[in-house]
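Worksheet for the structure shown next.
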Amino acid sequence: MIKREHGGRRALALAVALLCLAGLGTASGEGGSMNGMLGDINLDGHTNVLDVQAGVTQALGAASQTPEGDVDGSGAVNIFDVQHLVNSTLGVGGLSQRVTGVVSGSGTGIRSQLRVIAVSREGQLEEAEVDPDTGAFQLTLRVQTNWALALCTGEQGQQQHQCLGAFEFPIGESVSCTLPLPSLSRGIDLDIGAVSQNQYRLRCGMGIRQMLGQLGAPIDSSDGNSNGVPDSVEPLMCRVRTAQGVPNTADVDALLEEMAACIAAWIEEYPSPDLTDTDGNGIPDSLDPLMDCLEAAIGDWLAEQGIAVPDTDDDGNGIPDFVEAIIAHVEQGIPAWLLTLGRPDLVDENQDGVPDYIEHHLSIAGMPSYVDKDGNGIPDFAEDFDGDGIPNIADEDWAVCPGDCDGDCILDDEDVDDDNDGVPDYADDAPSGS
């Protein structure tokens with residue numbers, strides 16, 4: 001998963017990446033500063049079977065444990081880290097995340113030569129061919145970093161590509177040029193859906209919140225007390241006990257029993273909810289049906305409990321204000337309840353609609369940077385600043401990035417591979433400037 005040398009294509013891809021990655025911090029894990037990449041136990045610049053062997057040795061206590069071996073950040077190298085290393089080596093999980101998508105549109109006459117190029121903030125490069133018949137592509141990207149993707153033309157082996165634009169990932173009312181992959185992979189493909197081209201912009205039809213929701217662990221459906229409602233959901237529904245007007249003697253278990261079938265159907269439809277809120281009601285779309293379950297059951301339950309429901313209905317929607325107040329009380333507990341599910345992609349403590357764990361790893365499109373100086377959304381590499389008819393990226397007269405001695409579009413103080421040999425400096429016998 002370390003960056004590979006592809007001649008002129010490498011510089012092009014890196015230029016595209018820095019359109020989105022300029023100014024962002026790295027996301028290299030939570031273990032602090034390391035001698036090498038996470039998973040690269042033998043410090044050779046790669047994560048492979050040799051690291052699996054080293055991980056087994058550390059897990060068995062036959063060798064000193066190192067930060068590179070603690071893949072899951074638990075503080076110790078154990079069998080779980082070994083499994084992550086195995087999955088990473090096979091490209092099916094751990095540090096390896098498969099990303100799939102489809103380039104929309106046919107009849108362009110060039111799709112047979114299209115390639116998706118992905119570059120990380122750290123300079124790792126991956127690319128994939130676009131299927132000429134379906135437009136589908138598949139990449140394997142390293143996690144715990146941020147990636148920029150671009151669509152380019154040209155057959156593999158060519159020294160230069162023409163780039164058609166960088167991918168944009170919707171996030172609320174904005175779009176990010178960066179796709180963060182902060183968590184270890186569970187071996188589930190991340191499907192970014194259809195990507196449509198509009199001039200130099202390639203907009204993904206699916207938002208980042210929904211994308212990452214695919215990767216989250218499903219809601220725990222275990223039911224320890226056998227009342228038909230999963231233990232993980234029960235605390236939220238039981239908030240009716242503390243709603244104004246509901247007596248302490250009310251039998252909430254009867255309400256849960258009434259809702260059990262509806263909740264089971266909801267979990268089957270939304271086993272892995274996300275924070276997408278298209279109607280802007282403050283409740284994730286995936287939780288709206290759960291609130292519908294409560295609304296459908298609560299009227300009969302109140303009647304069975306002998307709780308009087310005033311007829312007042314100020315908004316005239318057919319639901320008494322008293323009932324709406326109870327439902328609203330439950331809804332107010334959703335943010336705190338999401339924290340209990342152990343899903344970082346569902347945590348949004350500031351309620352801005354962006355999962356907290358990716359909030360500082362996004363790059364909002366249209367903000368000027370040294371790779372899009374005028375902030376017009378067109379990468380500098382695709383423009384022709386000196387007007388000689390040669391796009392900047394193919395023009396030897398254009399200085400790609402100031403302060404970039406090796407010309408790879410990564411600033412010198414951030415470059416992890418000073419001599420551009422495809423091996424990180426820490427694993428290189430003779431890095432530039434040594």
Side-chain angles (χ1 to χ4, degrees), residues 1-6 10 25-99 118-128 138-147 179-190 215 217 361 408 410 414-432 434:
M1 294 298 297
I2 303 300
K3 60 185 176 184
R4 304 190 297 254
E5 191 64 45
H6 288 284
R10 182 173 175 278
T26 60
S28 55
E30 299 178 358
S33 176
M34 295 185 183
N35 292 325
M37 293 190 316
L38 197 62
D40 181 17
I41 300 178
N42 63 359
L43 303 180
D44 67 352
H46 307 273
T47 299
N48 52 32
V49 67
L50 297 177
D51 298 295
V52 175
Q53 294 173 345
V56 171
T57 302
Q58 291 189 10
L60 292 175
S64 298
Q65 297 193 352
T66 61
E68 293 81 10
D70 184 16
V71 180
D72 61 8
S74 66
V77 181
N78 52 37
I79 187 61
F80 300 108
D81 297 299
V82 173
Q83 185 63 63
H84 287 311
L85 288 167
V86 171
N87 292 340
S88 302
T89 301
L90 296 175
V92 295
L95 296 167
S96 299
Q97 177 63 60
R98 284 195 302 259
V99 177
V119 188
S120 77
R121 172 62 170 165
E122 294 77 18
Q124 304 160 54
L125 183 150
E126 298 293 335
E127 63 177 273
Q138 177 177 299
L139 292 158
T140 300
L141 305 179
R142 188 176 177 86
V143 302
Q144 297 193 340
T145 188
N146 310 317
W147 290 87
L179 175 63
L181 297 176
S183 303
L184 291 175
S185 170
R186 297 174 54 239
I188 299 173
D189 288 0
L190 174 60
L215 305 179
H361 301 294
D408 65 358
I410 300 178
E414 300 173 353
D415 200 338
V416 297
D417 180 15
D418 289 344
D419 57 7
N420 275 353
D421 64 353
V423 179
D425 293 341
Y426 69 80
D428 200 327
D429 291 334
S432 176
S434 63

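In this chain, numbering begins with 1 at the start of the sequence shown.
How far CG of Leu90 is from OG1 of Thr140: 11.5 Å, rounded to the nearest 0.5 Å. Rounded to the nearest 0.5 angstrom, Leu215 CG and Leu184 CG are separated by 11.5 Å. Here the CZ-CG distance, from Arg186 to Asn87, works out to 12.0 Å after rounding to the nearest 0.5 Å. Arg98 contributes atom CZ, which lies 11.5 Å from atom CG of Leu141 (distance to the nearest 0.5 angstrom). For the atom pair Asn78 CG and Gln83 CD, the distance stands at 11.5 Å (nearest 0.5 Å).
A donor-acceptor pair under 3.5 Å is absent between the side-chain atoms of Ser185 and the main chain of Gln97, judged by distance alone. Judged by distance alone, the side chain of Asp70 and the main-chain N or O of Gly75 form a donor-acceptor pair under 3.5 Å. When atom types are taken as modelled, the side chain of Thr57 and the backbone of Ala62 share no donor-acceptor pair closer than 3.5 angstrom. Side chain of Glu68 to backbone of Gly36: a donor-acceptor contact under 3.5 angstrom is found. For Asn146 (side chain) and Pro180 (main-chain N/O), no donor-acceptor pair under 3.5 Å exists by modelled atom type. Under the 3.5 Å distance criterion, the side-chain polar atoms of Asp81 are left unmatched by any main-chain donor or acceptor of Leu85.
A pairwise comparison of heavy atoms in Gly69 and Val77 identifies C-CG2, 3.6 Å as the closest pair. Looking at every heavy atom in both residues, Ser88 comes nearest to Thr47 through CB-CG2, 4.2 Å. Pairing each heavy atom of Gly39 with each of Leu95, the nearest pair is CA-CD1, 3.8 Å.
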Determine, step by step, whether Asp51 and Thr89 satisfy the side chain to side chain contact (heavy atoms under 4.5 Å, CB included) criterion, reporting the C-alpha distance in whole Å, the side-chain angles of both residues, the deciding distance to 0.1 Å, and the verdict. CA-CA 9 Å; Asp51 298 295; Thr89 301; 6.0 Å; no
Taking it one step at a time, do Leu190 and Leu179 satisfy side chain to side chain contact (heavy atoms under 4.5 Å, CB included)? CA-CA 11 Å; Leu190 174 60; Leu179 175 63; 4.2 Å; yes
Let's go through Trp147 and Leu139 carefully: what are the C-alpha distance in whole Å and the side-chain angles of both, what is the deciding distance for side chain to side chain contact (heavy atoms under 4.5 Å, CB included) to 0.1 Å, and is it a yes or a no? CA-CA 11 Å; Trp147 290 87; Leu139 292 158; over 6 Å; no
